[in-house]
**Q** 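Handing you a structure now.
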Amino acid sequence: MSEFTSEKKAILMEKIVSLCKRRGFIFQSAEVYGGLNGCWDYGPLGTELKRNLKEYWWRKNVQEREDIVGLDGSILTHQAVLKASGHVGGFSDPMCDCLLSKARLRADQIPPQSGTAHWYTGATHAESGWSTSHDFAVLIQAGEGEAKARKTAQQYFAQFLSDKQISPKTLELVGERLESVVDSTRFNPENGSLLTEPRAFNLMFKTHVGASSDESDESTVAYLRPETAQSIFAQFKNVLDSSRVKLPFGIAQIGKSFRNEINPRNYTFRSREFEQMEIEYFCRPEDGLRLTDEWLERRLTFYEEIGIPRDRLHIVDIPEDERAFYSQKTYDIEFEFPFGIQELEGVAYRGDYDLSVHQKATGKSFEYFDEETKEKLLAHVVEPSAGCDRTVLALICQAYDEETVTDEKGKEETRVVMRFSPRIAPIKVAILPLLKNKPELVAKAREIHQMLTPYMTTFYDESAAIGRRYRRQDEVGTPWCVTVDFETLGEKGDEWKDTVTIRERDSMRQERIAITELRNYLLDRIH
RNA sequence: GCGGGUAUAGCUUAGUGGUAAAGCCCUAGCCUUCCAAGCUAGUUAUGUGGGUUCGAUUCCCACUACCCGCUCCA
């Protein structure tokens with residue numbers, strides 16, 4: 001994708017979005033009612049794809065490991081849990097808006113400035129009799145001319161003019177007052193304009209528990225969880241006491257989380273409702289950094305196993321000043337989407353921050369007793385946290401391919417192929433009778449279809465020419481098509497009786513295989 | 001949140017102040033012995049709500065959604 005221009009990438013993304021709708025992978029939520037901003041529904045094939053991803057993740061990270069157990073926590077979350085975790089107080093960034101340029105700035109990222117603030121209470125225009133009254137100020141730093149204050153203020157008051165023909169320069173400023181300021185963050189460093197007071201944008205969805213609850217009763221407040229991790233920490237002791245796990249061990253969870261994003265963007269990439277696949281891997285403090293690196297490797301291998309090659313992933317070692325204050329190491333795993341390189345997963349070493357805050361808030365011990373060393377300790381945690389919907393989108397973007405094929409007459413056409421790994425492909429095999437008006441072919445094909453359905457997702461199709469049916473399956477990424485033909489019926493000799501043609505999606509190559517071998521042939525390749 | 005753009009059938013697009021057009025897809029039938037064949041028939045659309053008008057899909061306003069650029073992404 002990197003060889004494409006941004007324009008071609010935009011077209012590519014449009015094609016992917018179009019295919020997703022046409023073939024039933026992803027629909028806009030409540031589309032018939034005009035859509036719901038930042039929400040998406042998965043159609044029949046998208047649902048299969050996402051299930052395959054989640055099931056493979058669960059199998060690899062829980063079922064095939066002795067040291068990781070699962071959890072399925074409630075989405076509605078006790079406010080105390082999120083107060084302890086810091087989400088209620090800190091899960092929002094105070095933001096300021098520049099009164100002049102309307103730029104939005106994070107309050108904590110504004111460098112402190114000193115100088116003289118020129119305050120005004122309004123402006124008038126003598127000729128037209130127009131006037132306005134707003135408090136405004138401009139910061140003049142040492143070395144800057146005072147004329148800048150008046151010019152900036154005139155521009156600010158000019159936005160209230162109804163007559164746009166009036167030049168800002170002709171406005172009379174009212175109520176000038178000077179104030180000396182030191183290390184102030186109330187002014188835009190770019191232009192000196194006054195900023196709005198910092199406002200908190202809390203990104204959590206809030207609700208009230210209990211049918212007759214009073215909306216103003218703070219004690220009934222609950223939140224839709226903004227991440228799956230907190231129920232793992234809150235249930236740490238219960239899991240420890242009930243499942244006889246020993247350090248190091250992990251608790252894994254797949255589930256929905258909700259963030260009231262100000263600005264959902266890039267198709268399903270940043271949604272307000274999304275699914276996470278998280279592991280909290282608890283360990284002794286001295287093992288944390290090593291395990292973080294090990295988890296990074298393990299996660300990269302996972303992406304390779306589902307068909308996202310390592311060279312399409314970028315590993316970012318987050319520098320200290322950008323990490324959360326409690327994290328001693330954080331890696332981001334990013335994917336080259338057509339709309340840019342974006343994060344799929346974070347692997348963060350969080351120390352004992354999470355258990356310690358819940359221990360402190362509850363006053364109960366979250367400590368682990370090590371039988372061998374006879375010591376009590378607060379476990380550290382390594383958190384590989386993957387975005388499920390983001391990974392689905394990455395799988396779709398990675399799989400999408402167009403190739404030019406030439407038919408027997410020399411005519412060129414485009415073949416759209418979703419090159420999903422067989423492991424995650426929504427449909428594993430399509431069963432096709434060569435012709436639908438030959439009852440023997442249809443009956444045999446249906447028989448094979450019935451034979452395979454208990455073992456994998458299959459699709460039966462008898463309509464249209466065989467070539468068209470192959471292409472349909474290419475476009476939804478079905479790795480194999482099985483065609484029942486006249487050889488199958490024994491009409492071309494006994495040596496071919498009860499064999500079928502199996503056609504491979506990527507190479508379009510065909511080979512003959514006995515019906516009795518079909519099940520194992522496919523199962524060996526989709527596991 | 002700011003600025004710009006877009007909204008016609010499942011998809012891609014035409015077009016119009018007065019009966020909305022096509023290709024692809026899809027469905028049914030016929031035909032068809034391996035890569036989107038052919039024939040016949042058929043379903044489906046002006047994002048939502050107002051305004052102007054005899055009449056609005058078209059002009060105006062608002063809303064909603066999506067896309068692009070900023071911003072943001074704890």
Side-chain angles (χ1 to χ4, degrees), chain A residues 6-7 9-11 13-15 17-24 27-40 43 85-98 100-106 108-109 196 199-204 226-227 259-267 269-271 322-325 332 339-340 342-343 346 387 405-409 411 413-417 432-438 441 463-475 481-489 491-492 500-505 507-510 512:
Chain A
S6 60
E7 191 186 342
K9 285 178 183 176
I11 292 168
M13 200 59 214
E14 281 174 25
K15 284 180 177 174
V17 170
S18 173
L19 182 139
C20 282
K21 184 175 183 193
R22 187 171 69 247
R23 291 304 191 183
F27 307 126
Q28 196 186 353
S29 182
E31 193 196 64
V32 286
Y33 287 101
L36 183 59
N37 185 265
C39 295
W40 303 89
S85 68
H87 287 90
V88 170
F91 196 66
S92 60
D93 295 316
M95 305 287 293
C96 303
D97 294 323
C98 173
L100 185 65
S101 68
K102 308 297 177 199
R104 174 157 289 172
L105 306 168
R106 257 176 74 171
D108 61 339
Q109 289 181 348
T196 57
R199 283 178 296 159
F201 290 87
N202 196 294
L203 299 185
M204 287 197 294
E227 58 175 36
R259 297 181 189 180
N260 205 350
E261 296 285 351
I262 295 164
N263 188 4
R265 257 318 156 80
N266 290 327
Y267 201 32
F269 183 81
R270 188 182 301 148
S271 306
E322 292 177 28
R323 290 197 296 263
F325 67 89
D332 278 359
F339 47 79
Q342 299 276 355
E343 182 187 346
V405 290
T406 311
D407 68 13
E408 288 167 2
K409 295 162 194 157
K411 194 177 136 203
E413 56 187 17
T414 302
R415 183 171 81 113
V416 174
V417 198
L432 319 167
L434 183 60
L435 300 172
K436 87 167 162 185
N437 62 354
K438 297 285 183 290
L441 293 176
S463 74
I466 191 72
R468 181 197 289 275
R469 281 179 275 163
Y470 286 152
R471 294 299 171 83
R472 278 181 190 152
Q473 294 306 314
D474 289 343
E475 211 178 42
C481 291
V482 165
T483 304
V484 175
D485 48 28
F486 291 94
E487 284 88 340
T488 313
L489 303 177
E491 292 187 7
K492 300 288 174 73
V500 289
T501 300
I502 186 159
R503 180 256 194 191
E504 200 272 329
R505 175 194 67 203
S507 62
M508 298 196 282
R509 272 194 20 243
Q510 303 188 344
R512 290 211 75 81

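We name chains A, B, ... by the order of the sequence lines, and we start the count at 1 in each one.
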**Q** Just compare C26(B), G29(B), C66(B) and give me whichever is closest to any side-chain atom of Lys436(A).
**A** G29(B)
**Q** Which part of the nucleic acid, if any, lies within reach of Gly24(A) when heavy atoms closer than 4.0 Å are counted: base, sugar-phosphate only, or nothing?
**A** nothing
**Q** Measure all distances between protein nitrogen or oxygen atoms and nitrogen or oxygen atoms of nucleotides 44-49 of chain B, and list the pairs falling under 3.5 Å.
**A**
none

**Q** Excluding sequence neighbours, so at least two apart, what forms side chain to side chain donor-acceptor pair (under 3.5 Å) with Glu343(A)?
**A** none
**Q** Heavy atoms from C-beta onward define the side chain here; which of C72(B), A65(B), A36(B) lies closest to that of Glu413(A)?
**A** A36(B)
**Q** Mind checking Asn437(A) for me? I need base, sugar-phosphate or nothing, with any heavy atom below 4.0 Å counting as a touch.
**A** base
**Q** Report the stems of RNA chain B as range-with-range entries sorted by first number; a stem here is at least three consecutive pairs, Watson-Crick or G-U wobble, both distances under 3.5 Å, and write none if there are none.
**A** B:1-7 with B:64-70, B:10-13 with B:21-24, B:26-30 with B:38-42, B:47-51 with B:59-63
**Q** Roughly how many Å apart are U48(B) and U58(B), using the P atom of each and rounding to a whole number?
**A** 11 Å
**Q** From C66(B), U33(B), U12(B), pick the nucleotide closest to the side chain of Gln28(A)?
**A** C66(B)
**Q** Please check: side-chain N/O of Arg468(A) versus main-chain N/O of Ser463(A), any donor-acceptor pairing under 3.5 Å?
**A** no
**Q** Where the side chain of Glu475(A) is defined as all heavy atoms beyond and including C-beta, which of U12(B), A36(B), C70(B) is the nearest nucleotide?
**A** A36(B)
**Q** When rounded to the nearest Å, what value does the distance between C1' atoms of U12(B) and G18(B) take?
**A** 28 Å
**Q** How many whole angstroms separate atom CG of Leu434(A) from atom P of A37(B)?
**A** 14 Å
**Q** Picking from C11(B), U27(B), A37(B), which would you name as closest to the side chain of Ala465(A)?
**A** A37(B)
